[in-house]
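Heads up: the structure comes next, in structure tokens.
Per chain, numbering begins at 1; letters A, B, ... match sequence-line order.
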Number of protein chains: 2
Amino acid sequence: MSLRYALLALLRVGPLSGYELQKQFSMSVGHVWHAPDSQIYPELRKMEAENLIEGEEQPRGQRATRRVYHVTEAGDRAFLEWMQTPLEYARVRDPAHLRAAYLEAASPETARAFFRRHTEQWEAELAQWEGELHRIAQVDNPMLVRRLAVTDPADRERTIAFKRFTYEGLVDRAHAEIAWARRGLELIDSLESEGGAGPVPNGPEPSAARA
Amino acid sequence: MSLRYALLALLRVGPLSGYELQKQFSMSVGHVWHAPDSQIYPELRKMEAENLIEGEEQPRGQRATRRVYHVTEAGDRAFLEWMQTPLEYARVRDPAHLRAAYLEAASPETARAFFRRHTEQWEAELAQWEGELHRIAQVDNPMLVRRLAVTDPADRERTIAFKRFTYEGLVDRAHAEIAWARRGLELIDSLESEGGAGPVPNGPEPSAARA
DNA sequence: AATTGCATGTAACAGGTTACATGATTGC
DNA sequence: GCAATCATGTAACCTGTTACATGCAATT
């Protein structure tokens, strides 16, 4: 259900074609809610069928057309209503922590590879999110600029503040995941160096800098 | 795909019926990978069809039976192979951060309700994970006890260490989410008190204790 | 003329959710 | 006799993924 609200959020700024929307999507809200074009086009059709948006065929060249969508009043209302409904949280389903819980079944090298991959993954996300944070600070994201242009001056600060705050949270999360992976590598080292020297059941963390 | 490996992880400790498995699941690996029983039973059948596990009908009372599953050699191999394959990371899809990014479209009170709900949600998760961490430290989780009983003494320390490490990561995450929500509430306060006093484009965080 | 970008989808499948459905056994 | 819990599923639906499929337009 979130996809349609992500789409409405973009369309509320102004009309866009499916293609434009899909491009804007990947450069803005796609950083928190990924969706491929094969999902976006059908969803737009469904939203149109439900009168949340309206599409207008526009000629393009001689033969081709494109469909430009704009939000209807019902769509605007639906978005605002969604903002007011309590968010539904998905049940935990975390493949990385699932695997981490059973790393004793892997060799130290395999376990290290896992944590290196985890670091790599989250560093890539971090780069995306930090980039976005930077573009927000510089007011240098095309979608954000368009949004501010149609926003009451009194609300511009809030608009920017919530975007920044969102990406700060994501950046923090990425840092936390990377730190966890680093501690994981340290844990493997310490388990290896201890070797068969007997268990240390409830000893302190090897070198994990946790409060 | 993760579900079957979560199930294999439990069954590798020893045979269990679907019902027992489902109970054990919710008390152990279910804390990182939720699955309802309506998903577990069919998955067990599928795994049996693929020879990863074998089920034995056991009589129970006069008429009833129960099906006790144990891991086959192929199942054991499949689990170990999975442990060695690089984890596939799902694309970002975060409803809370999606909504946070557009909170300027909500009233301050609605925005506060969102962050209070977020706090509540993660405090519930935190309680679960801290409880689990405590049970790991006390070696007081039935599944863990059974696991250690069939684990080479030399590997017991690692087994415990990785479980503890996993839940520590989750506890950290919960703390981070709660801290983010608290900063969100502070942000709303500061935006309200500033009122129409003009934007503070790139000013420091209101009172966010971030590095 | 060829490449890149614009533009829009369909189809098959995997995975997960919710609701529904049924009945036996054991302990009180 | 009744409740709890043991025990096992099916069906419909939703969301998302991957692969496939097509063709025009603008630029070089």
Side-chain angles (χ1 to χ4, degrees), chain A residues 1-8 15-27 29-30 32-50 53 55-69 82 87-95 98, chain B residues 1-8 11 15-27 29-30 32-50 53 55-69 82 87-95 98 142:
Chain A
M1 263 302 92
S2 289
L3 173 59
R4 74 170 44 185
Y5 298 105
L7 293 172
L8 281 176
L16 288 170
S17 73
Y19 185 81
E20 287 170 322
L21 190 52
Q22 182 232 111
K23 292 285 151 197
Q24 295 299 322
F25 196 93
S26 66
M27 289 191 304
V29 67
V32 293
W33 191 273
H34 168 81
D37 41 337
S38 68
Q39 206 188 351
I40 291 178
Y41 286 114
E43 183 65 23
L44 288 171
R45 289 287 182 173
K46 269 169 65 187
M47 288 162 73
E48 189 172 19
E50 293 175 45
I53 59 177
E56 272 176 278
E57 286 289 329
Q58 282 186 356
R60 179 175 161 263
Q62 299 305 307
R63 271 174 291 276
T65 61
R66 58 185 214 145
R67 204 168 175 74
V68 176
Y69 292 99
W82 173 74
L87 196 62
E88 281 178 42
Y89 286 82
R91 308 300 299 262
V92 186
R93 203 165 271 121
D94 185 326
L98 170 62
Chain B
M1 263 301 91
S2 290
L3 174 58
R4 74 170 44 185
Y5 299 104
L7 293 171
L8 281 176
L11 283 176
L16 288 170
S17 73
Y19 185 81
E20 287 170 323
L21 190 52
Q22 183 233 110
K23 292 286 151 196
Q24 295 300 323
F25 196 93
S26 65
M27 288 191 305
V29 68
V32 292
W33 192 273
H34 168 80
D37 42 337
S38 68
Q39 207 188 350
I40 290 178
Y41 286 114
E43 183 66 23
L44 288 170
R45 288 289 182 171
K46 268 169 65 186
M47 289 163 71
E48 188 172 19
E50 294 176 43
I53 60 178
E56 273 176 278
E57 287 288 330
Q58 282 187 359
R60 182 176 157 264
Q62 300 304 309
R63 269 174 292 277
T65 60
R66 57 185 216 146
R67 204 168 174 75
V68 176
Y69 292 99
W82 173 74
L87 197 62
E88 280 177 43
Y89 286 82
R91 309 299 300 261
V92 185
R93 205 166 269 121
D94 185 326
L98 171 62

Those residues that, when tested against A:Ser2, pass side chain to side chain donor-acceptor pair (under 3.5 Å) (two or more places apart):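 So A:Ser2 forms no side chain to side chain donor-acceptor pair (under 3.5 Å) with any residue.
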Heavy-atom neighbours of B:Glu56 CD exceed 12 at 6.0 Å: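 No, CD of B:Glu56 has 12 or fewer neighbouring heavy atoms, counting only those of other groups under 6.0 Å.
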Residues that A:Glu57 engages under salt bridge (charged side-chain N to carboxylate O under 4.0 Å, His left out), provided they are two or more places apart: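 Partners of A:Glu57 by the salt bridge (charged side-chain N to carboxylate O under 4.0 Å, His left out) criterion, ordered by chain and then number, come out as A:Arg67.
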Non-neighbouring partners of B:Asp37 that pass salt bridge (charged side-chain N to carboxylate O under 4.0 Å, His left out), sequence neighbours left out: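 Listed in chain order: nothing, the list is empty.
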Find the distance between [atom1] ([X]) and [atom2] ([Y]) and round it off to the nearest 0.5 Å.
X       : Y       : atom1 : atom2 : answer
B:Ser17 : B:Gln24 : OG    : CD    : 9.5 Å
A:Asp94 : B:Trp33 : CG    : CH2   : 8.0 Å
B:Phe25 : B:Leu3  : CZ    : CG    : 5.5 Å

Terminal axes of the helix from C:dA1-D:dT28 to C:dC28-D:dG1 (five pairs each): angle between them, nearest 10 degrees: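 Roughly 10°, once rounded to the nearest ten degrees.
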Atom pairs, N/O to N/O, protein against nucleotides 11-13 of chain D, distance under 3.5 Å?
none

5'-most by nearest nucleotide on DNA chain D - A:Gly61 or A:Pro36: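 Closest to the 5' end, via its nearest nucleotide, is A:Pro36.
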Toward the 5' end of DNA chain D, by each residue's nearest nucleotide, A:Leu3 or B:Val68: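 This one resolves to B:Val68.
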Within-4.5 Å side-chain heavy-atom neighbours: A:Leu21 and A:Tyr69: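 No; the side chains remain at least 4.5 Å from each other.
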Find the distance [X]:[atom1] to [N]:[atom2] and express it as a whole number of Å.
X       : N      : atom1 : atom2 : result
B:Lys46 : D:dT8  : NZ    : C1'   : 17 Å
A:Arg45 : D:dT15 : CZ    : P     : 19 Å
A:Arg4  : D:dG16 : CZ    : P     : 11 Å
A:Glu43 : D:dG16 : CD    : P     : 8 Å

For chain B, the stretch of DNA chain C it reaches, first to last nucleotide, under 4.0 Å of its heavy atoms: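 Terminal contacting nucleotides, 5' to 3': C:dG15 to C:dT25.
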From CA spacing to verdict: side chain to side chain contact (heavy atoms under 4.5 Å, CB included), B:Ile53, B:Leu8: CA-CA 8 Å; B:Ile53 60 178; B:Leu8 281 176; 3.9 Å; yes
Test ring-ring contact (aromatic ring centres under 6.0 Å, His included) applied to B:Tyr5 - qualifying residues, sequence neighbours left out: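 With neighbours one apart ignored, the set is B:Trp82.
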Side chain to side chain contact (heavy atoms under 4.5 Å, CB included) involving A:Arg60 - partner list, sequence neighbours excluded: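 Listed in chain order: A:Ala64, A:Arg66.
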For A:Pro42, all residues meeting side chain to side chain contact (heavy atoms under 4.5 Å, CB included), sequence neighbours excluded: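 With sequence neighbours excluded, A:Pro42 shows a side chain to side chain contact (heavy atoms under 4.5 Å, CB included) to no residue whatsoever.
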Side chain to side chain donor-acceptor pair (under 3.5 Å) contacts touching residues 38-47 of chain B (sequence neighbours left out):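 As it turns out, the side chain to side chain donor-acceptor pair (under 3.5 Å) pairs with a partner in residues 38-47 of chain B, which skip direct neighbours, are B:Arg4-B:Glu43.
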Could you pull out the protein-nucleic contacts involving nucleotides 3-7 of chain D (nitrogen or oxygen on both sides, under 3.5 Å)?
residue, atom, partner, partner atom, Å
D:dT5, O3', B:Tyr19, OH, 3.2
D:dC6, OP2, B:Tyr19, OH, 2.6
D:dC6, O3', B:Arg60, NE, 3.4
D:dA7, OP1, B:Arg60, NE, 3.0
D:dA7, OP1, B:Arg66, NH1, 3.4
D:dA7, OP2, B:Arg66, NH1, 3.3

N/O (side chain, B:Arg93) to phosphate O (OP1/OP2, D:dT17) under 4.0 Å: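 So the side-chain polar atoms of B:Arg93 do come within 4.0 Å of the phosphate oxygens OP1 or OP2 of D:dT17, strictly under.
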